[in-house]
Student: 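I'd like to ask you about the structure that follows.
What you are looking at is a predicted structure, and each value in this text was computed from that prediction instead of being measured.
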Amino acid sequence: MPPKKHAPRTATAASSLTLPCGVTLPNRIAKAAMSEQLAAIDGSPSQKLTRLYSAWGRGGAGLLITGNVMIDRRAYVEPRNVTLEDDRHLEAVGNWARAGSREGSVMVMQINHPGRVAVGPLHRRPVGPSALRPQALGFNLRKPRELSLGDIAFLRRRYARTAELAVAAGFSGVQVHAAHGYLLSQFLSPVANERADSYGGSPENRRRLLLEVIADVRAAVGPEAVVSVKLNSADFQHGGLGEDESLDVALALEEAGIDLLEISGGNYEAPAMTGVVQDSTRAREAYFLRYAETLRARTTMPLMLTGGVRTRDFINDVLAQGAVDVIGLGRPFAVRPTIAADLLAGTSEPQALPRAPHIALPGATPINSYLQLAWHAANFRRIAAGKTQVRGPGAIRTLITAGSTVTARALTQF
C-alpha cells in the first residue's frame with residue numbers, strides 16, 4: 001500500500017474533498033459516466049435526461065459525471081448523445097446542470113469525440129489518428145480517414161469551446177474522455193496511431209494531443225473550474241497502451257494541472273471497463289486498484305477509481321489507506337439512484353443490487369458487454385419516470401428492445 005503521506009488515513013466515504021481548483025466535493029462517492037442516450041433529436045438535453053439527473057442529484061453522491069457529450073455533431077458515440085457545439089441549447093444545458101447540483105452534488109460534464117468508433121452519422125466516414133480499422137465487430141465495417149493537422153487544430157478548438165459552454169451553463173467543470181478507445185485514447189495507442197508526424201511514433205508524440213487539449217480546456221474554463229481526465233490504466237489489447245506508458249501519461253497530466261484523474265481501462269476490442277475482461281493479476285474487488293496503488297506511490301494528484309467496487313467496507317478501506325481519493329460507481333446508480341446516500345448511511349451497498357442479465361455461452365463476451373449497456377440504459381428511462389429502484393427485463397427482451405430502439409433513434413437522428 002502507498003505511504004501515509006499521500007492522503008489522510010482518516011478519509012472515509014463521507015469525507016469532503018477539495019480539488020486543486022478549489023471546488024469541494026461533499027463526499028467521496030461519485031456517479032461515474034454512463035452513456036444515457038436521452039438527448040432530444042436536435043442534440044439538446046431532453047426533459048427525461050434532466051429528470052434522471054434530478055433523481056441522481058437527490059441520491060447523495062458528491063460528484064455526478066455525465067455520460068458522453070459530443071464536441072462535434074458529425075461524430076456520435078451512440079444515437080441520442082447530447083451535443084454541445086454552440087449556445088443554441090444553453091438554457092436546456094443549464095437546466096440539466098441545476099437539476100443535478102440542486103442538492104449539493106458537483107456536476108461535471110464528460111466531453112468526448114469517438115474518433116474511429118463513431119456509430120454515426122451513418123453517411124459520414126469516421127476519422128482517427130490513422131486510417132486503421134478497429135478490430136471490434138461492427139466497428140470494422142468503415143475505414144476511418146486519417147486526421148490532417150488542420151483537422152486536429154479544429155478538434156482542439158471544439159474541445160475548448162464545449163468546455164467553455166459547459167461551465168457557462170452552470171457545470172462545475174468537465175471531464176475529458178481519454179479512455180475506452182475513443183479519439184484521444186486512439187492517439188495514445190500504438191495500435192491505432194501509426195502517424196509519422198509530431199502526433200505519432202514516440203510516447204511523447206502520441207500523448208501530445210491530449211496534453212494540448214487539456215491546456216486548451218484549462219484556458220477556456222479558467223483556474224476555478226474542474227478539469228478532469230478519464231484515462232486507461234491499459235488498453236488490455238496486444239500492442240495497445242500498456243501500464244508503464246499509462247503511468248507516464250498520468251504523471252504528465254499531473255504536471256499539466258488537472259484536478260482529478262479517473263482510472264479505467266479497456267476499449268471496444270477488450271471491454272475491461274465492463275468487467276467482461278479483467279486484469280488477470282487482480283485478486284481484489286476493484287478492477288484497476290493495483291494500477292492506482294502504483295500511481296499513488298508517485299503522485300499526490302487526486303485519483304478516482306471506478307469499476308467493480310461493490311462493498312462499503314472496501315470503499316472505506318481504500319479511502320482510509322489513501323490509495324485513491326474518490327470512488328466511482330456506475331451501474332449501481334442505474335439500479336438504485338439513492339445508492340450513494342444508502343452507502344453513506346450504511347443501509348445498502350452495491351453488491352446487494354440486481355445485476356444485468358448474462359448469456360453463459362462460449363464467445364458471448366461482445367454480446368454480454370452490449371447487453372450490460374442496454375440493460376442499464378433501459379433502467380435510466382425508468383428512473384427518469386420516477387422509479388426509485390428498478391430492475392430491467394431479461395437478456396432476450398433487453399436485446400430485442402435495444403435493437404429496435406437503436407434503429408429508431410438512428411433513423412430519427414441521422
Student: For Val106, what residues pass the side-chain contact (heavy atoms from CB on, under 4.5 Å) criterion, not counting sequence neighbours?
Tutor: Val23, Leu25, Pro26, Leu63, Val108, Ser172
Student: Could you tell me whether Asp216 and Arg157 have a side-chain N and a carboxylate O separated by less than 4.0 Å?
Tutor: no
Student: Looking only at non-hydrogen atoms, find the nearest pair between Ser246 and Tyr291 and report the distance.
Tutor: OG-OH, 2.8 Å
Student: Are the side chain of Ser101 and the backbone of Ala97 linked by a donor-acceptor contact shorter than 3.5 Å?
Tutor: yes
Student: Is the closest side-chain heavy-atom distance between Arg161 and Arg158 below 4.5 Å?
Tutor: yes
Student: If only atom types and distance count, is the side chain of Lys143 paired as donor or acceptor with the main-chain N or O of Arg133 below 3.5 Å?
Tutor: no
Student: In the structure I gave you, are the side-chain heavy atoms of Leu210 and Arg208 within less than 4.5 Å of one another anywhere?
Tutor: no
Student: Output yes when a side-chain donor or acceptor of Asn232 lies under 3.5 Å from a complementary backbone atom of His180, and no otherwise.
Tutor: yes
Student: What pair of heavy atoms forms the shortest contact from Gly181 to Val117, and how long is it?
Tutor: O-CG2, 3.8 Å
Student: Salt bridge or not for Asp259 and Arg218, using N-O below 4.0 Å?
Tutor: yes
Student: How close do Leu188 and Glu245 get, counting heavy atoms only, and between which atoms?
Tutor: O-OE2, 3.8 Å
Student: Determine yes or no for a side-chain-to-main-chain donor-acceptor pair under 3.5 angstrom, with Gln186 supplying the side chain and Arg116 the backbone.
Tutor: yes
Student: For Gly43, is there any backbone N or O sitting under 3.5 Å from a side-chain donor or acceptor partner on Thr83?
Tutor: no
Student: Between Arg142 (side chain) and Pro126 (backbone), is there a donor-acceptor pair under 3.5 Å?
Tutor: no
Student: Is the backbone of Ala341 close enough, under 3.5 Å, to the side chain of Thr338 for a donor and an acceptor to pair up by distance?
Tutor: no
Student: I want to check something: taking the side chain as every heavy atom from C-beta on, are Phe380 and Phe333 in contact at a cut-off of under 4.5 Å?
Tutor: no
Student: For Arg312, is there an ion pair with Glu349 - N to carboxylate O distance below 4.0 angstrom?
Tutor: no
Student: Give, for atom CD of Gln175 and atom NE2 of His177, the distance between the pair rounded to the nearest 0.5 Å.
Tutor: 7.0 Å
Student: Are side-chain heavy atoms of Lys230 and Asn112 found at a separation under 4.5 Å?
Tutor: no
Student: On a heavy-atom basis, which atom in Arg28 and which in Leu319 lie closest, and how many Å separate them?
Tutor: CB-CD1, 3.8 Å
Student: Taking Leu343's backbone N and O only, do any of them form a donor-acceptor pair with Thr347's side chain (distance below 3.5 Å, no angle check)?
Tutor: no
Student: With heavy-atom distances below 4.5 Å as the criterion, would you say the side chains of Phe187 and Leu147 are in contact?
Tutor: yes
Student: Would you give the length of the straight line joining atom CG of Leu289 to atom CZ of Phe314, rounded to the nearest 0.5 angstrom?
Tutor: 5.0 Å
Student: Any heavy-atom pair between the side chains of Pro129 and Tyr199 that's under 4.5 Å?
Tutor: no
Student: Search all heavy atoms of Leu260 against all heavy atoms of Ser228 and return the closest pair with its distance.
Tutor: O-OG, 2.9 Å
Student: Identify the heavy atoms of Pro144 and Val127 that sit nearest to each other, and give their distance.
Tutor: CB-C, 4.1 Å
